[in-house]
Structure formats: C-alpha cells, structure tokens
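Remember, it's 1-based here, ligands and their atoms both numbered in the order they're listed.
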Amino acid sequence: MTANPLAPEWLSRPDDANDLPRAVWPTNSARSGTGELELAGVPASGLVRSFGTPLYVVDERDARGRARAFREAFERETARIGSGVTVYYAAKAFLSAAVAEWMAAEGLSLDVCSAGEFAVARAAGVAPARMGYHGNNKSVAEIDEAVEAGVGAIVVDSPIEVERIAAAAERHGRVQAVRLRVNSGVHAHTHDFLATAHEDQKFGIGLSEAPGVVASIRSHPSLRFLGLHCHIGSQIFGSDGFSESAARLLALHADLLAGGDIPELNLGGGFGIAYTTADDPTPVDELARRIADIVSSECERLGIPVPRLAFEPGRVIIGPSAVTLYTVGTIKPVTVSIAEAVVDARTPDEQPAPNERPAPGHPEPATAVRTYVSVDGGMSDNARPALYGADYTVRLANRVSAAEPALVRVAGKHCESGDIVVYADYLPGDVQPGDTLAVAATGAYCWSLSSNYNYLGRPAVVAVSNGEARLIMRGESIDDLLARDPGIASATRRATTAEPTVAAPTPAPAAQRAS
Ligand SMILES: *Cc1c(COP(=O)(O)O)cnc(C)c1O
C-alpha cells in the first residue's frame, strides 16, 4: 500500500495502529485481554458507560509519580551543588481539589495566578504559605486577600505592584516575601531559543530596569526580597534555554547581592512533553543535572553562593497523565488537492512547495483522500490544535483492529473549520461511527482552556487508579448552561405565568400586574 501523500513528514506509518507508545500514553495504560484500552485497570468501555464522552481521564498514580520524580530529581541535583529546591506545580495547567491534594501530598508547592485558582487551592487544604502568586495584572483585591491569608510569595511583575503589595502588607501587619519577574530576553521554543536584549512581551521587567525595582522593594520594611524569577516559554525540549536564562539571571543576581541577601532564584516552568512519538523531550533527571551544573559553574565563576532554586512545572507533571475519550459520529473521505492541502497549521513553511503544483497544461492537480473522523467534542475541550497548531496522538479505545492503518484527521463538532483535535495520525482503516477514540497527553491546558463554544458543556474529569474511577470534576449539563442566562429564567417564568392570562377572556388588572 502506498503512503498517503497528505501525511506530514514527521509521522511514520505504524505497523500496528493499535500500539500505545510508552512515551506518549499514561504509564498505567494498556490493552486488555479483549483489546480495548484500559487506564489504570479501568476499561474504556466502562468509563464511557458511566460518564459518557467527551471525558478526560487522569491516571492518578502517573500524575503523582511525575510530581514526585520531578521533585526528587531536582532535590538530588541541587543538593549535589550545595543548595536546595522548591517545586511549585503550575495550577493553570489543570487544577481541581484532587489535583491540588495530590501535588501537596507529593511535596510540591503550588503556583496560582487568580482569586479563583487561589480559592480552589485553599478549599483543597493547601496552606497559603505553600503558594506562589503570579500574574501581570493581579487586582488590588487579589493582592490584599493573598497577603492577608499569608501567601508564601508574590511575584512582582511591574513597578506599580511594589507599592500595592507593600501597602497590603502594612495593612495586615505582615512582611510579605516577593520575587521579581524579569524578562531575561530568552524565549525558548520547542527545539531552540531566541535571546534578545529587549523582548516585546507583557511579562516581567527588563534586566536593566531590575536593579531600580529591587531597590524599591528593599526600601519597604513590609517586603522581603526573595530573588529573581523568569519563565522563558513552554513545551521546551532541551536545557539550553534554561542555561542561557540562568546565566543571565545569575549575573544580575550577583550584582544585586551588593544591596543585601538574596536567598533564591526561580527559573519558572516550561518543560516539554511528548505529544507524538516525534517529540523528544530531555528526561527530567537529565534536565535537573544540566541546570544544576550551569548554576553551579556560573556561581563559581561569579564568586557567589549558590542560591536555593525554584521551578514551576505544569505541563510536564499533568500533561502526559490524562487522555480524552471521544465517540466517533461521522466519517467522511475528502478528496483534496495535494498542493493546497493544509498539512499542519503549525508549519506553513513545511506546506507543499509551489513546484509540487501541476505544470501548466496539466489537466488536474494531483489529489489524495483525507479521512475526516468527527468526534463529539473538539476545540471546546482542547483548544491547543486551533490555538497553536499542536499535534496529538489518537488510538481506537474500545477495540483493536487488524485493518490496514489509514491516515486520518480527527475533527470536532464545532462550527469552525479550524476545529481539529488531531491533525494527522493513523487509525485502523475500519474505524466506524460509535467507536471510542482516545487522544493522549491531554492533561495540561485542555480542561483549563475549555469553553462553552456552541453551548457544549465542559466535559467531566475522572481520576483512575487501581481499577477504580472517581469523578474529580463534574461535567456541565445543558441545564447548567441555561441556568446562567437570566433571560432564559425570566422567559420560563413569563411562559408559565402567561397561561392563565391567555385562558381567561377578561384578565383582571391585578392579575396582569402580578405577572
Ligand atoms: C505557565 C507558567 C508556568 C508553567 O508552564 P509549563 O509549560 O506548564 O511548565 C510556570 N510559570 C509561569 C510563570 C507560567 O506562566
């Protein structure tokens, strides 16, 4: 069978489209005796029967294991260079009470950046002292609430916040620990990084302006300066961006030591994961070793003590731990002109070159068939393909099949042509309506970015562990959606109170007023 020319170059045609590559699927996923997907011992069919689709399923032991392994790797490596580490789980990747509890139980602290995230974390029993508070536009009320509650640290993102945090600390008779977010000019992408002197973005303060802001922090007795912070990007595979950024920050850190003690350096999050087998993130142990090495050697070169390090991983902890289950609704072969095919929204430079277009006089452009498999969710439960052109991996979840693997594009049900769930992967060619599909690595930035577009309810989240499933976030029903609309509530009231009026031939004025 010839390869489908619409397949992107990075995607190889599998011998077996039922396999579950270890790098992509949650640790405790497997094919059961009957061939269906089992997550932590819970068969996909049972999950679908109990909770419906779309459904996010989190492998609890996998998530907790990743949290623990990250903390242990960085504890080991920072101890080796005579320092220590605080690991904050970045709540924005995915937060529920259960997830907050898991992270706290595995010895992680928590990063939040809004009153809502703060409230969920507190409700889950996470002590404010173990939280960091982020954001480029924290409201005065959010700052006040965090300071009053005794939040561990607040990250200053602009000079205006120094005064706001200091005033809140004075009001509540506290000394508030703060970090200063600087923009190191390093912005890392998946495989490489860009280093500039002046980056045009909303977060943080330029390196050259930092000394002035630190002096202002130090001038307030109600503030304690913990150290510098930077976050260079997301879904980063290597350690070079972290190393460059650490070196730039440590040079500034060394200068700032002249004005007082600086206990810590926070290098943010951004550690990448494998969404497909083409992704090759550096293992966490290796990253920890390389980052500790560069911090150690830079500190030695600068002649300064090694500060305590802090990190804020989100995706690398929760991303690989979850899958989304969908039900196939329609399947449609679409004949497309190869020259005009949208191969992958992320890489316009990899689209077919103009010279692949038919020569003049050639009657028809070359075509190929793309199979669109549409599911019962889409960009409302996973915005990343539409937002970033992100790639994902899909498999049949309710059965295995010996049918020849066929290239598919999994689409959602939204009124938007960019509503794609998986741009390109192979499924057994006999995929049919009613089949359950599983999309891997949907733990981070899927539920947290979910929406009610087209009035779809946001799906439920279920945690699976040791053969048992537990609901950790209820899905939204249509009643939930209607309940938020006061126009619907009053229309329903009008409809019910109007009936007697219509039935009565001459309504009394009092009855009219009452409605
Ligand atoms: C988003 C974010 C993180 C987490 O990023 P991941 O890519 O999920 O690791 C950490 N720190 C800050 C400041 C962030 O904005």
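The shortest contact between atom 15 (O) of ligand 1 and any protein heavy atom is with Lys92 NZ, 2.6 Å. In terms of protein heavy-atom proximity, atom 11 (N) of ligand 1 is nearest to Glu312 OE1, 2.6 Å.
At a threshold of 4.0 Å, the pair Lys413-Asp419 does not count as salt-bridged, since none of the basic side-chain nitrogens sits closer than that to a carboxylate oxygen. We find that Arg289 and Asp285 are not joined by a salt bridge, their nearest charged nitrogen and carboxylate oxygen being 4.0 Å or further apart.
Both tests do not hold together for Arg290 against Phe242: distance to the six-membered ring centre under 6.0 Å, angle to the ring axis within 45°.
Residues Val284 and Phe74 are in side-chain contact: their nearest non-hydrogen atoms beyond the backbone lie under 4.5 Å apart. Counting heavy atoms from C-beta outward, His229 and Glu312 have side chains that approach closer than 4.5 Å. With contacts defined as side-chain heavy-atom distances shorter than 4.5 Å, the pair Tyr392/Cys446 qualifies.
The nearest non-hydrogen atom to atom 9 (O) of ligand 1, considering only Gly268, Ser448, Gly270, comes from Gly270. In the candidate list Tyr88, Phe311, Tyr445, Tyr445 is nearest to atom 5 (O) of ligand 1, counting heavy atoms.
Across Arg64, Arg71, Arg66, a single residue satisfies side chain to side chain donor-acceptor pair (under 3.5 Å) together with Glu106, and that is Arg64.
Near His134, with a cut-off below 4.0 Å to any heavy atom, the atoms of ligand 1 are 13 (C). Short contacts between ligand 1 and Arg181, defined as distances under 4.0 Å to a heavy atom of the residue, involve ligand atoms 13 (C). Atom numbering of ligand 1 starts at 1 in the shown order; those under 4.0 Å from a heavy atom of Ala90 are 3 (C), 4 (C). Those atoms of ligand 1 with a heavy atom of Gly314 less than 4.0 angstrom away are 6 (P), 8 (O), 9 (O).
Taking distance alone, with nitrogen or oxygen atoms compared against 3.5 Å, Ser234 approaches ligand 1 more closely than that limit. Considering backbone and side-chain atoms alike, Arg315 places an N or O below 3.5 Å from some N or O of ligand 1.
Residue contacts with ligand 1, taken as heavy atom pairs separated by less than 4.0 Å, do not involve Ala93 at all.
Aromatic rings from Phe94 and Tyr56 are positioned such that their centres are separated by 6.0 Å or more.
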